[in-house]
Q: 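Take this structure first; my questions come after.
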Amino acid sequence: MDTITHTLFGLSLYGAVDKRDMDKNSKRAYLLTAVGASQIPDIDVLSRLWDTEGLYQMWHRGITHSVFLTPVWALLFFLLSFLLFKVKDKKLFLLGWLAVFIHNTSDLFNAWGTGYLEPFSNMRITFGTIPIVDLVIWIIMGTAYIFSRRNKLKSPYYFRMAWAFLLVHVIIQSTQGFIIYKQYDDQYDQVALSADFIPWTFSVITKKDDEVIIFNDNLFKKEETQYVLQSRETADLDKLFSQRPEARTLYEWSPFVVLVDDDERLGLYDPRFYRNGQSFLFEYIEKNTER
């Protein structure tokens, strides 16, 4: 999910806590833990600073998003709460653990995916059933905030209801995505799913031999073919990998790629992010000029 959504998750967790009997320092500790732990796995963006081998694509949403690291992050915020606010409350550890777990698990549902089982498995897990920016989630959390402002005493109740509605939304959307995925799975060599911003609508990316077809589909209308792409499967990628290490990382990271080998460029891209004639995950080298 995007940074705004993770922030909303943290604020909504904080909102769901009954704080009527808390002092000022306890409230600060709970706010720090709820919001901070909801963001901390994305600290891996700092790896850009020392990435000299094009490995950022693998590092981002890698080990920091592992489910096995969640109690470590929770312990960090438990200790920070004690150091900064002198608050020692076991519930802070549980809140931090829940916040990190929600962050890591929610990221499984969009097309980018995570290294959820690292370091025991390098598999990048992605369901592709929820968009990275999901306006439905924003609306649910925003509605809870509006109601909580009108009746502060019932604020925890409103935010807990929001979490219930959010869970229902994810279940409904993901169930539809799974049904659509299974409709294509037997027809193609490889299939990937990417949720659109419009609820219950998906891009289905399929590959068979050297042809990649991207469909727009939902359960309530006939599928539409958006793009038909040709992949040059015989392309020799050794030169590309030697000059652009990021290309090898993208090749290993993506479920499948489209290979480009024409008079101008040698490269590859992830078709899950193909929009308006190009993918923003595209690594290539120029054949006739230096890039």
Q: Would you find more than 12 non-hydrogen atoms of other residues, nucleotides or ligands less than 6.0 Å from Tyr227 atom OH?
A: yes
Q: List the atom of Phe109, the atom of Val170, and the distance in Å for their closest heavy-atom pair.
A: CE2-CG1, 4.0 Å
Q: Go through the steps to decide whether Asp42 and His6 satisfy the test side chain to side chain contact (heavy atoms under 4.5 Å, CB included), and finish with yes or no.
A: CA-CA 10 Å; Asp42 284 340; His6 286 308; 3.8 Å; yes
Q: Could you tell me whether a side-chain N or O of Arg272 sits under 3.5 Å from a main-chain N or O of Ala192, the two making a donor and an acceptor?
A: no
Q: Do Arg244 and Ile285 touch side chain to side chain, with heavy atoms closer than 4.5 Å?
A: yes
Q: To the nearest 0.5 angstrom, please state how far the CD1 atom of Ile137 sits from the OG atom of Ser106.
A: 7.5 Å
Q: Is there a donor-acceptor pair closer than 3.5 Å between any side-chain N or O of Lys19 and the backbone N or O of Pro156?
A: no
Q: About how many Å separate CG of Asp236 and CG of Leu266, when rounded to the nearest 0.5 Å?
A: 8.0 Å
Q: To the nearest 0.5 Å, tell me how far Leu75 CG sits from Thr70 OG1.
A: 11.5 Å
Q: Please report the interatomic distance CZ(Phe9) to OG(Ser38), rounded to the nearest 0.5 Å.
A: 8.5 Å
Q: Kindly check if the number of other-residue, nucleotide or ligand heavy atoms within 6.0 Å of CZ (Phe147) is above 12?
A: no
Q: Write down the atom of Ala34, the atom of Leu13, and the distance for their closest heavy-atom approach.
A: CB-CB, 4.3 Å
Q: To the nearest 0.5 Å, how far apart are CG in Leu76 and OG in Ser81?
A: 9.0 Å
Q: For the atom pair CG (Leu250) and CG (Leu240), what is the distance rounded to the nearest 0.5 Å?
A: 9.5 Å
Q: Do the rings of Phe282 and Tyr284 sit parallel, tilted or perpendicular, given the 30° and 60° boundaries?
A: tilted
Q: Under 4.5 Å between any side-chain heavy atoms of Leu259 and Glu233, yes or no?
A: yes
Q: We want to know whether Glu211 and Ser231 form a side-chain donor-acceptor pair, criterion being a heavy-atom distance below 3.5 angstrom.
A: no
Q: So Asp107 and Met1, do their side chains get closer than 4.5 Å, heavy atoms only?
A: yes
Q: Should the pair Asp89-Lys91 be classified as a salt bridge under the 4.0 Å nitrogen-to-oxygen rule?
A: no
Q: Below 4.5 Å, heavy atoms only, C-beta onward: do Leu117 and Phe68 meet side chain to side chain?
A: yes
Q: Just to verify, which of Phe241, Tyr269, Phe256 counts as forming a ring-ring contact (aromatic ring centres under 6.0 Å, His included) with Tyr251?
A: Phe241
Q: Is it the case that the ring center of Phe93 lies less than 6.0 angstrom away from the ring center of Trp73?
A: no
Q: Is there side-chain contact between Phe82 and Phe77, with at least one heavy-atom pair below 4.5 Å?
A: no
Q: Compare every heavy atom of Met22 with every heavy atom of Ser26, then report the nearest pair and how far apart it is.
A: CB-CB, 3.9 Å
Q: Hey, is NZ on Lys221 packed in by over 12 heavy atoms from elsewhere, all under 6.0 Å?
A: yes
Q: For Asp196, give me all partners under side chain to side chain donor-acceptor pair (under 3.5 Å), at least two apart in sequence or on another chain.
A: Ser203, Asn216
Q: Under 3.5 Å, side chain of Arg232 to main-chain N/O of Asp261, donor-acceptor pair present?
A: yes
Q: When the ring planes of Phe220 and Trp200 are compared, do they come out parallel, tilted or perpendicular, using 30° and 60° as the limits?
A: tilted
Q: Can you tell me if Glu118 uses its side chain to pair, donor with acceptor, with the backbone of Ile63 under 3.5 Å?
A: yes
Q: Heavy-atom distance under 4.5 Å between the side chains of Leu219 and Ile180, does that happen here?
A: yes
Q: Below 30° counts as parallel, above 60° as perpendicular, anything between as tilted: where do the rings of Tyr184 and Phe215 land?
A: tilted
Q: Test your reading of the model: is there a side-chain donor-acceptor pair from Ser148 to the backbone of Tyr145, 3.5 Å cut-off?
A: yes
Q: Are the side chains of Leu268 and Leu237 in touch, meaning some heavy atoms are under 4.5 Å apart?
A: yes
Q: Can a donor-acceptor pair be found, under 3.5 Å and without considering hydrogens, that links the side chain of Thr206 to the backbone of Ile213?
A: yes
Q: For Pro271 and Leu229, work out which heavy atoms get closest and say how close.
A: CB-CD1, 4.5 Å
Q: Considering residues, nucleotides and ligands other than Lys239, do more than 12 of their heavy atoms fall under 6.0 Å from its NZ?
A: no
Q: Please tell me if the side chains of Asn104 and Tyr116 come closer than 4.5 Å, counting only heavy atoms from C-beta onward.
A: yes
Q: Under the ring pair (Phe, Tyr, Trp, His ring centres under 6.0 Å) rule, what do Tyr14 and Tyr30 come out as? Steps first, then yes or no, please.
A: CA-CA 7 Å; Tyr14 179 71; Tyr30 269 81; 7.5 Å; no
Q: Can you name the closest pair of heavy atoms from Thr126 and Gly113 and give their distance?
A: CB-CA, 3.6 Å
Q: Quick test of your reading: applying side-chain hydrogen bond (donor to acceptor under 3.5 Å, both in side chains), list the pairs with at least one residue in residues 157-178, sequence neighbours left out, ordered by first then second residue.
A: Thr129-Ser174, Asp134-His169
